[in-house]
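If you're wondering where the values come from, they're calculated on a predicted model, not measured in any experiment. Just so it is clear: chains get the letters A, B, ... in the order the sequence lines come, proteins before strands, and each one is counted from 1.
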There are 2 protein chains.
Amino acid sequence: MVTLNDVAKSANVSKMTVSRVINHPEQVTDELKQLVFKAMNELDYHPNLAAKALAANATRIIKLVILEKVDTVEPYYATLLMGVAQFLNAHQYALQVVTQKNADIGECDGYIITGARNDDFTWIQELRKPVILYGENRHHYDFVDSDNKYGTFLSTGAAIKDGYDQIIFLGIELKESFEYSRERGYMDTMQKSGLQPQIIRFGNHSSESQQYIEDHWHEFKPNTCFVCSSDRLAIGVERGIQRMGGSIPEDFGITGFDGVFLDQIAEPKLSTVKQPVMAMGSKIAELLMQKINHGVTTNDQSPERDRTEVMFSPELIRRNTTRNYHLN
Amino acid sequence: MVTLNDVAKSANVSKMTVSRVINHPEQVTDELKQLVFKAMNELDYHPNLAAKALAANATRIIKLVILEKVDTVEPYYATLLMGVAQFLNAHQYALQVVTQKNADIGECDGYIITGARNDDFTWIQELRKPVILYGENRHHYDFVDSDNKYGTFLSTGAAIKDGYDQIIFLGIELKESFEYSRERGYMDTMQKSGLQPQIIRFGNHSSESQQYIEDHWHEFKPNTCFVCSSDRLAIGVERGIQRMGGSIPEDFGITGFDGVFLDQIAEPKLSTVKQPVMAMGSKIAELLMQKINHGVTTNDQSPERDRTEVMFSPELIRRNTTRNYHLN
DNA sequence: TTGTATGCGTTATCAC
DNA sequence: GTGATAACGCATACAA
């Protein structure tokens, strides 16, 4: 293993100079810097993370806490995780995935928390390391999320332009910010166009939306579009329509929301509002690392503090469950 | 932060005694051990991993290398990853997920490698840390896998017992051990029952198997069961049969393979051979840690060496795409 | 069985 | 601008 000392000897400087070249290059003359860089390359030097962590009283470990009860098998979380892992790897941080609230086992330098409900914040408040949340929240914590309202603005708008004259929103029965935002995007867009909004809500299972379609089939006239709050619901709608013999996308349109895996599994493939989940994962990791490097140790979420909010714009993917897909 | 020293003072012993209580408890008298345990609890002592790693010249980082080109979004890998992560967390190891062969960036204590093809082994050979593979291999590397042959023995056998008189195997067009084993399990079971085997292979996409069913629909007489080598293929078959108006499971049976996410998404839900993917992930991590702790640094895969092979038995889940599902 | 000294690789602090 | 020294927390080697 090549150490700081080895490089120092090879470059004929002290090891502190080498350390400075890495951490505070502005304090070293260009001349020495060149020598050190040369030595580092020749010896293929890589800093020892454990030593670094020990000296800095850090762990170089980030915890990803998944609070939802949902199966961690969810492709959605897997994708997010990959995004986080990608950034962390590039910066030599290691990841620990935690699925319960037993996150207090072992130290870490920071937390990424996803799926936090209101009850969870009493626990989150007690964390003594930087925190970034995945998802909007009313507790003034830094977060990354996608612009949910804009997402349903896109899907609802497209349904209108495509000429569907009845546009029904199938939402998730959940008192969460993201769902409110998605419903608002639909409502606003409908009202601006002078159309009558109609919202029905279910648990987020394809069986429930499928059942609904079948039970209420007589109510739906051809030229109806179902704007869904998740791909899961959209898949159920698709099956229900197929079961009842409706034609997709001519008489009945469907748009989903999320764009992770499920949309591609459906047949015909779903038109959907795709969230850049992978990129969002990377961004969260990046923000957390900034916080860590700036020495933020307290989670000051007082209203006075500037809070970091990063919103990603989702994208409408036109595929085969809405008209005009050939225009894509 | 509570250190070894703090505990030592509190227990009125030297810090080495505390260290020994943790690492070599047999060398310490029960009397002192009790004192030390008490102090550790009272002070809520947790060892500093960075220091541990530094002293042991270790990193406490494990790399999970995913070599397949397949999307890491695959629920299959996500589940495996969760299994690995769970075990690692419990033992205070951190995980780095690596998706290319750029695994050489940064040090680690060991590798878990999944999806290794023959070409990959030249690279794997050069790794200077313990390695465990996910999946059978002919290179004498330690591995964990599920008993693929037994899996199709189960699904084929069930199809026979359920009374289907034509049983067709839909396989994946891939020269990999797992596929050979699955086909062999089917072949052997068919031959033992004096039935005529028939194997067709596709790329692992539901669209291909669906297309096949629709194109060859006239060839399939009622009372046929399709034994598939993946849930993906099974879903395509299901759609094809539904499209052509066949009745499931009365006239046409389907069994999948994998049992991760997709089987539940299908409607009707798939009968499938479920692999205990999560448990397999944990087991891999466990084996790797054993290797690390026993100071195995070389990857001796000479035939003389005992190699560790752990095979998990898959389980037949009877759901709604085969008969007699009420017997489950 | 228990304690002391030393070193792991890095960085902060303080001299020069 | 550069170098010597101590310290981070733990574990090995050796001494008692």
Using whole Å, what does the distance between atom [atom2] of nucleotide [N] and atom [atom1] of [X] come to?
X	N	atom1	atom2	result
A:Asn57	D:dG9	CG	P	6 Å
A:Leu43	C:dG9	CG	P	14 Å
A:Glu31	D:dG1	CD	P	13 Å
B:Gln27	C:dT1	CD	P	8 Å
B:Leu54	C:dT10	CG	P	9 Å

Checklist entry - In terms of the nearest nucleotide of DNA chain D, which residue is placed more toward the 5' end: B:Ala50 or A:Thr17? => result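 This one resolves to A:Thr17.
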
Item to check | Taking every non-hydrogen atom, the tightest pair across B:Thr79 and B:Val260 | outcome: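 Answer, listing the atom of B:Thr79 first, then B:Val260: OG1-CG1, 3.4 Å.
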
Next on the checklist: Can you identify which nucleotide, out of D:dG3, D:dT2, C:dG3, has its nearest atom closest to the A:Ser14 side chain?
Outcome noted: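 Looking only at side-chain atoms, A:Ser14 lies closest to D:dG3.
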
Checklist entry - What do the steps show when you test B:Tyr93 against B:Phe87 for ring-ring contact (aromatic ring centres under 6.0 Å, His included), and what is the final call? => result CA-CA 9 Å; B:Tyr93 268 74; B:Phe87 190 91; 9.2 Å; no

Next on the checklist: If the cut-off is 4.0 Å, is A:Thr29 near the phosphate of D:dT2, judged by side-chain N/O to OP1 or OP2?
Outcome noted: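 Yes, A:Thr29 has a side-chain N/O under 4.0 Å of OP1/OP2 on D:dT2.
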
Next on the checklist: Output one letter per nucleotide in nucleotides 10-16 of chain D: B when a protein non-hydrogen atom lies under 4.0 Å from the base, S when only the sugar-phosphate is that close, - when neither is.
Outcome noted: BBB----

Item to check | salt_bridge(B:Asp142, B:Lys291) N-O dist < 4.0 Å | outcome: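 Yes.
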
Checklist entry - Are any of the side-chain nitrogens in B:Glu309 or B:Arg307 under 4.0 Å away from the carboxylate oxygens of its partner? => result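 Answer for the salt bridge query: yes.
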
Item to check | Matching residue for B:Leu287 among B:Ile112, B:Thr308, B:Ile292 - test: side-chain contact (heavy atoms from CB on, under 4.5 Å) | outcome: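 Result: among B:Ile112, B:Thr308, B:Ile292, B:Thr308 is the only option passing the side-chain contact (heavy atoms from CB on, under 4.5 Å) with B:Leu287.
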
Checklist entry - Taking the six-membered ring for Trp, are A:Tyr111 and A:Trp123 parallel (under 30°), tilted (30 to 60°) or perpendicular (over 60°)? => result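 Judged by the thresholds at 30° and 60°, the geometry between A:Tyr111 and A:Trp123 is perpendicular.
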
